[in-house]
**Q** 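Let me begin by handing over the structure; questions about it come next.
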Amino acid sequence: MDHFAYRNRELFCEDVPVQELAETYGTPLYVYSEATLVHHLTQIQNAFASANPIICYSVKTNGNLSICSLMAKHGSGFDVTSGGELYKALHAGSTGSKIVFAGVGKTDAEMKYALENDVFLFNVESEAELHALGAVAKSLGKVAPVALRVNPDLPPKTHAKTDTSVKGVKFGLDIDTVLEVAERVVGHPNIGIVGLHMHLGSPILSAEPYRKGGEKAIQLINALRKQGHAIKYLNMGGGFGIHYRKLEALPATAFAEAILPVVEETGCRLVLEPGRFIVGNAGLLVSRVIFTKETGGKHYVIQDAAMNDLIRPTLYDSFHRIWPVHPDATVPERPEDFEAEIAGTRMQDVVGPVCESGDYLAKGRNLPEMKRGDLLAVFSAGAYGMSMSSNYNARVRAAEVLVTGRTHRLIRRRETFRDLVACEEDCLT
Ligand code: LLP
C-alpha cells in the first residue's frame, strides 16, 4: 500500500498534486510520502511484535537525514555499513545503542568510531576483521559486541549483483568454517560473540529463504552456545521485496511466519535490517520531458532524470513503472497494465541527458505519447535511488521533498554548480 494515486488523471502524493511539487522544487525531484514510510515500518513492527524485535532501518537504502530522523521518531534503530552512514544515523538522532554495523571492510578508524559510540552490534564478516576489531577494542579498553555474519550458502534469489548468501560471494563467514573461527575467540577479553547475523540478499519475494536460513541459524546458535558463547541476538538482515512491476511483494506477516518460530526456538532477541520494504514504494522520481526524438525506427523520450539520478535500470536491468504525472490517456488500474499495449500508447525508450547509451530509465515501454514539458513519474524509486546517485557528467544531484498530508517540505536542497567545485577549487594551483 502506498499513498501515490491518480485522481481525475492527475497524480497525487498523499493530498498534494505532484505537478505542484515539480513546479515548486524543480525536476528531477525525489518525492517521498511520510504516511507510506511510516505505514511500512509499522507493518514490520506489527508483524513481528510478539518477538519485540530490534528494527534497524538500513541507511544505505536511503540515508536522507529527515527520513532517518522519521525512522528514529517511530522507534527504529539503524543498520550502517560505513563510518559515513554511522555519522548520518547519529546525526539523525540515533544513539549508538540502536545501531548495528555491517560490512566486509571496516577500517580500524571506523571500528574505533563505532566503539567510541558504543554501537549495539558489529556484524563481523571474516576472521581477520574479528581480530582487528579485538585489537581496536583492546586499545580502547572495551569489549566489542559481535554478531558473526554467516553466509548460509542458499541458492541464488535475487540478481548476481545483489545476492549475498550464495557460496563464494565476499559476504560473511563461510558456513563450514564459522564454528572454527568462533572457537578460536572463546574467552577473548575484548570480543563478545553475542549474536548471529545473516542477510540473504535483496529483494526477496518469497519467505522460503528465511525459513531455510532460519534452520541453519538454529543449528549454528546451538553450536556456538556449546562453545561457550552467550548468543542473545539473531539478526536476519533485510531483503524483504516490494512492488515494482505489479503487486508482487509479500506482506511482512509472511516473513514473520518464517522467522518467528526460529526466534522462539533459539530464545534470541530478533534484529531486522529492512530498508527497501520501508522506503522503496514510498518514493517517486519526478522528471520533465526535454525533447522527444525518433531515430532508427525508435521513439525516445529524453527527460531530465538520468542514470546518475537512478542507476538501477542500467545496473541491474531493474524495472520501474513510469507514467505521466498528468496523462491525457487513461491510467491503468492494475500496476502490471502500466507496461501493456493499451490504446493511446506506443513503445518508447525513456532516456536521460547523460553521454552513455546505457543511460535509460526504461527501454521499449508502452507509454502515452509525450511532449516537451510533460512530467513523468518513476515509481518505486525510494530505495537505492538517491542513495546511489552521483555527479556523473557534472550533473547536480536532485532535490528531495517529503509530503505529509497536504503539506510538503524540502529535505535535501538541489545541489548547485558551486557544490560541484567545492571539494576541488581550493586545490587549484
Ligand atoms: N542488511 C544488509 C547487511 C544489507 O547488505 C542490506 C542491503 C540490507 C540489510 C537492506 O536490504 P533491503 O531490506 O533494503 O533489501 N542496490 C541494490 C540493493 C543492494 C542491497 C545491499 N544490501 C538495488 O538497488 O536493488
Side-chain angles (χ1 to χ4, degrees), residues 37 40-41 43-44 48 53-63 67-68 71 76-82 85-86 89 99-106 120-125 129 147-152 157-166 169-173 195-206 209-210 213 234-245 248-250 252 255 259 270-283 285 307 309-320 361 378 380-390:
L37 286 161
H40 287 138
L41 173 62
Q43 266 200 342
I44 298 178
F48 290 90
I54 299 166
I55 291 169
C56 295
Y57 169 69
S58 191
V59 175
K60 67 176 80 68
T61 318
N62 187 322
I67 290 179
C68 291
M71 291 295 115
S76 184
F78 296 93
D79 153 47
V80 303
T81 199
S82 67
E85 285 188 355
L86 174 55
I99 295 176
V100 292
F101 191 1
V104 294
K106 303 176 192 77
F120 163 44
L121 284 174
F122 287 86
N123 295 333
V124 167
E125 311 218 12
E129 180 191 342
L148 292 176
R149 175 171 181 175
V150 65
N151 175 344
K157 295 159 290 298
T158 58
H159 181 281
K161 288 185 179 147
T162 56
D163 242 329
T164 53
S165 56
V166 286
V169 298
K170 69 176 176 179
F171 297 101
L173 288 148
L196 186 76
H197 174 247
M198 56 174 75
H199 168 73
L200 302 175
S202 171
I204 299 177
L205 293 169
S206 151
Y210 292 91
L234 170 62
N235 183 340
M236 289 300 288
F240 304 164
I242 63 163
H243 306 311
Y244 280 113
R245 275 201 123 96
E248 65 261 60
L250 289 178
F255 296 109
I259 294 172
L270 177 66
V271 183
L272 292 170
E273 303 171 339
R276 192 188 313 260
F277 190 88
I278 294 172
V279 72
N281 288 135
L285 174 60
M307 65 191 284
D309 300 300
L310 180 65
I311 201 168
R312 303 191 71 257
T314 299
L315 194 56
Y316 315 117
D317 293 318
S318 302
F319 180 95
H320 286 264
L361 300 183
V378 183
S380 309
Y384 307 105
M386 189 64 185
S387 67
M388 292 179 79
S389 66
S390 77

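When a ligand or atom number is given, it counts from 1 through the structure's own listing order.
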**Q** Which part of His199 is near ligand 1, with near meaning a heavy atom under 4.0 Å away: side chain, backbone, both or neither?
**A** side chain

**Q** Testing the basics here: between Ser387 and Thr61, what is the closest heavy-atom pair and its distance to 0.1 Å?
**A** OG-O, 3.1 Å

**Q** Going by the rule side-chain hydrogen bond (donor to acceptor under 3.5 Å, both in side chains), which residues pair with Glu85 if we only count those two or more places apart in sequence or in a different chain?
**A** none

**Q** Flag the pair Tyr210 / Phe240 as yes when their ring centroid distance falls below 6.0 Å, and as no otherwise.
**A** yes

**Q** Does a salt bridge link Lys60 with Asp79, judged by any charged N lying under 4.0 Å from a carboxylate O?
**A** yes

**Q** By ring-ring contact (aromatic ring centres under 6.0 Å, His included), which residues pair with Phe319, not counting sequence neighbours?
**A** none

**Q** For a quick check under 3.5 Å, do Asp309 and Ser389 share a side-chain donor-acceptor pair by atom type?
**A** no

**Q** Any heavy atom of Pro274 sitting closer than 4.0 Å to ligand 1?
**A** yes

**Q** Determine whether the side chain, the backbone, both or neither of Glu125 has a heavy atom under 4.0 Å from any heavy atom of ligand 1.
**A** neither

**Q** Backbone, side chain, both or neither: what part of Tyr316 comes under 4.0 angstrom of ligand 1, heavy atoms only?
**A** side chain

**Q** Considering heavy atoms of the protein only, find what lies nearest to atom 22 (N) of ligand 1 and give residue, atom and distance to 0.1 Å.
**A** Lys60 CD, 3.6 Å

**Q** Does ligand 1 have a heavy atom under 4.0 Å from the side chain of Arg276, from its backbone, from both, or from neither?
**A** both

**Q** Can you tell me if Pro203 has a non-hydrogen atom under 4.0 Å from ligand 1?
**A** no

**Q** So which heavy atom in the protein is nearest atom 9 (C) of ligand 1, and how far is it from that ligand atom?
**A** Glu273 O, 3.3 Å

**Q** What part of Ile204 sits under 4.0 Å from ligand 1 if we count only heavy atoms: the side chain, the backbone, both or neither?
**A** neither

